[in-house]
Amino acid sequence: MTAAAELVRERAAAEGREPITPRVGLVLGSGLGGLADAVTDAVAIPYAELPGFPVGSVVGHAGRLVLGTLAGTPVVVLQGRAHLYEGVPVSDLAVPVRTVRALGAESIVLTNAAGSLRGDVTPGQLMALTDHINMMGANPLMGPNDDELGPRFVGLGEAYDPGLRAALHAAADAEGVALAEGVYLAVAGPSFETPAEIRAFRILGADAVGMSTVPEVIVARHAGLRVAAVSAITNLAEGLGDEVLSHEHTLVNAEVAAADLQRVLTRFVAELAP
Ligand code: HPA
């Protein structure tokens, strides 16, 4: 049990809640936090109060953990995340994911805002991730390994769970939402990529590019969580479109995708209900 998970349980008890074990953790990225408001019987705790939690400073990230029920299923929602580019040590990015695990979840769904490297997947669309390429130059498992938490060497052969991905597609179909599939390439940021980097990343096999998620996937697999991930495409990657990229632009377009993403995730979670 992480210290943060203990605090969450204590806070929930102090607020008179029945103890609940979340089935799934949901990590909501830039501009995608609205789903947290749909959680009922919620206990919400700012990251700043949770021991070891890295606190992000990016606009569009609320920065709180919400434990409660969504569509009849117990969930823990992480509304916002800290990023490597904020100067957070990469190993600290492990704490929120390990807290999800310590609270009892078996699966985690990670969401992010990303640029598309594919002309057929345009801003406002969603992409289920099938795999990743880590170009962050960092790995959250570097340093001593705690064998109680997971193995020293972690396989990432099927890091993105095929069963959960199929469930995401079923939820998207039921909601009439198009859900592309692709490989996510993570950079450290905070600068966006150059056109030459994007040309190189296309050759490497990337379909989307962003500045998060990969450290969390690695920690989640180390912890034995099943992983699903969805990118909300906010722009065509640098050099592929004529938009001027900025964080404001990301947030505006994330809002377009957010409504669809919320419907897909709500149905996905409903289907997990016991
Ligand atoms: N590059 C990196 N991160 C991003 C992008 C992008 O084009 N869009 C949203 N997050």
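Start at 1 and go down the list; that is how both ligands and their atoms are numbered. If you read the sequence from its start, that first residue is 1, and numbering goes on from there.
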Thinking salt bridges, do R64 and D37 make one under a 4.0 Å N-O criterion?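 Salt bridge flag = yes for D37 with R64.
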Return the protein residues near ligand 1 (heavy atom under 4.0 Å from any of its atoms), ordered by chain and residue number.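 If the criterion is a heavy atom under 4.0 Å, then ligand 1 touches A113, A114, G115, F192, E193, V209, G210, M211, T234, N235, L245, T250.
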Classify the ring geometry of H132 against Y160: parallel below 30°, tilted from 30° to 60°, perpendicular beyond 60°.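 Perpendicular.
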Atom CZ of residue position R202 - does it have more than 12 heavy atoms of other residues, nucleotides or ligands inside 6.0 Å?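 No, the 6.0 Å shell around CZ holds no more than 12 heavy atoms from other groups.
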Would you call E197 and M135 a side-chain contact if the rule is heavy atoms closer than 4.5 Å?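 Side-chain contact under 4.5 Å: no.
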Could you pull out all residues at least two apart from R118 that satisfy salt bridge (charged side-chain N to carboxylate O under 4.0 Å, His left out)?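 Per chain and number, R118 pairs via salt bridge (charged side-chain N to carboxylate O under 4.0 Å, His left out) with D120, D207.
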Quick one: closest heavy-atom pair of M127 and A208, and the distance?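 In terms of heavy atoms, the two residues are closest at SD-CB, 3.8 Å.
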